[in-house]
Number of protein chains: 2
Amino acid sequence: MNGTAMVGTERAGARLETDRRRLPPEERQQQIVDTAVRFFAEVGLDGKTRELAKRLGVTQSLIFKYFETKQDLIEAVYARVYLERISPDWPALIGDRSRPIGERMSIFYRDYGSRIFDHDWMRIFMFSGLAGAELNKRYLNHLSKTLLEPILEEVRMAAPNTAEPTLEDLWSLHGGIVYLGIRQHIYQMPVPGDPQHEIDRAIARFLRSFDIEGP
Amino acid sequence: MNGTAMVGTERAGARLETDRRRLPPEERQQQIVDTAVRFFAEVGLDGKTRELAKRLGVTQSLIFKYFETKQDLIEAVYARVYLERISPDWPALIGDRSRPIGERMSIFYRDYGSRIFDHDWMRIFMFSGLAGAELNKRYLNHLSKTLLEPILEEVRMAAPNTAEPTLEDLWSLHGGIVYLGIRQHIYQMPVPGDPQHEIDRAIARFLRSFDIEGP
DNA sequence: GCATTTAATGATCGTTCGATGAACAAGATC
DNA sequence: GATCTTGTTCATCGAACGATCATTAAATGC
């Protein structure tokens, strides 16, 4: 199970797969982080460096050539995993009043779901949250400020002035959607085959309760 | 740094409250489980028995007099914590058609919330879920069968025959409510001071989206 | 082909883990 | 107050942990 690219020199295939492979440092470092993401997502941040090394097919000591401490490796895993979860396009999408709010929310949560309904992300986010990492709070605060609050404003614009939605209402909708991923990847329960359909239903119910047409 | 053992009042020969105390086995066992619940909820199931012993003010070896292995202790923690979370009264409440469905759901989730919006429970449930414990699945399946499905039936009874709610709709509502506790106890974020108010809003929105009057 | 550089290994350090068993002492009974 | 029971401590085990460092061998330049 060698996942990485073979190096240019192909010498008549006499090389054993268990050979000691010499990778460019940058490539090796990336490989370690890749594997560490999957590894820590499975077993938790208390996963042992020896087992990680076994998955990598290298010795445990090699890991410490690329990361001074285990904590440094974990930080690299955080950095890797927290990228790719937030798109800079979302604020523009949310504020695009040429489209109905239901459509905007549907597209947003379709994209959002495709990024966070991910085994590794879900579990590492939960592990780090339980460990008290500051990253989770920063992430959620950022989410609230740059996405939920703008959505709230747009929903208010679209709603007849009867009863106004609150930010907590949006957190509730958000929680209901995220809970789909929690059921699947944390509790490992079966979930509906088409999450987007459930998400659209949740959005439609939300908007309908404020007399707004859904997606 | 260790504040457990030292004595403040120096009455030589007098009864020292922090002395090595000899407890009835039943009492000691209960005390260990009590402390272990709080301890594991804080640091996770990988918490070390020596640190737990320090909190108890006893030696580490004493723990193994009452529990053959650490895993046995964890099972005892599970058993302790999973009790008290489900009331036998709920099915009768949910099926009581002399009251409007909104009121029944409000009362149910008020009681449910008072039981699960708990620091120790929330975290241990999440830790054990991440560890792949079978208990979580059993708990959630039980919840679905004995509570969510009956609620679904009652909501359908109360709804005009326009659009029928699904079980997934109820999971979505449930997730939105539970997410309040997750934000508070897992991510340690500030949450609204009156959770019941938010819960009632969520229920009202849910029912309203099916043209039913809320609580 | 030989010297140089440097990934990667292998052996090992000091520490800490869960767990064990002998020794000790608190409390009841007589 | 001597005796007995047993809750608790003390000392320690082997395994496993993160981390270190001298050694080995694959790539590179001359």
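Just the heavy atoms: all of them, side chains too, but no hydrogens, waters or symmetry mates, feed the values below. Each chain gets a letter, A, B and so on, in the order the sequences are listed, and its residues count up from 1.
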Short N-O contact, A:Arg38 and A:Asp34, less than 4.0 angstrom | no
Quick one: do A:Asp169 and B:Arg201 make a salt bridge, cutoff under 4.0 Å?
-> yes
Can you check the B:Asp46 CG to D:dA16 P distance for me, whole Å?
-> 16 Å
A:Glu27 CD to D:dA27 C1', straight-line distance once rounded to whole Å | 14 Å
May I have the distance from A:Leu56 (atom CG) to C:dA7 (atom P), rounded to whole angstrom?
-> 17 Å
Could you give the side-chain donor-acceptor pairs of residues 182-193 of chain A under 3.5 Å, partners two or more places apart or in another chain?
{"from": "A:Arg183", "atom 1": "NH1", "to": "B:Glu168", "atom 2": "OE1", "distance (Å)": "3.1"}
{"from": "A:Arg183", "atom 1": "NH2", "to": "B:Glu168", "atom 2": "OE2", "distance (Å)": "2.8"}

Has the side chain of A:Lys70 got a donor or acceptor atom that lies under 3.5 Å from a matching backbone atom of A:Phe64?
-> no
Base, sugar-phosphate alone, or nothing: which one does B:Arg50 contact when heavy atoms must sit under 4.0 Å apart?
-> base
Ring geometry between B:Trp121 and B:Tyr82 (parallel below 30°, tilted from 30 to 60°, perpendicular above 60°) | perpendicular
Do any N or O atoms from the side chain of B:Asp111 and from the backbone of B:Ile107 form a donor-acceptor pair under 3.5 angstrom?
-> no
Measure the distance from CG on A:Leu73 to C1' on D:dA19 and round it to the nearest whole Å.
-> 14 Å
Euclidean distance, atom CG of residue A:Leu52 to atom C1' of D:dC17 [Å, nearest integer] = 14 Å
What's the NZ-C1' distance between A:Lys54 and C:dA8, to the nearest Å?
-> 18 Å
Side-chain donor or acceptor of A:Arg22 under 3.5 Å from a matching atom on the base of C:dT6?
-> yes
Members of residues 58-70 of chain A that approach DNA chain C, where some heavy atom sits under 4.0 Å away = A:Val58, A:Thr59, A:Ser61, A:Leu62, A:Lys65, A:Tyr66
Using 4.0 Å as the upper bound for N to carboxylate O, is an ion pair formed by B:Arg123 and B:Glu42?
-> no
Quickly work out the B:Leu23 CG to C:dA28 P distance and round it to whole Å.
-> 12 Å
Would you kindly give the CD1-to-P distance between A:Ile32 and C:dA7, to the nearest whole Å?
-> 12 Å
Tell me whether the OP1 or OP2 atom of C:dA8 has a side-chain N or O from A:Arg28 closer than 4.0 Å.
-> yes
Base, sugar-phosphate, or nothing for B:Pro24, non-hydrogen atoms under 4.0 angstrom?
-> nothing
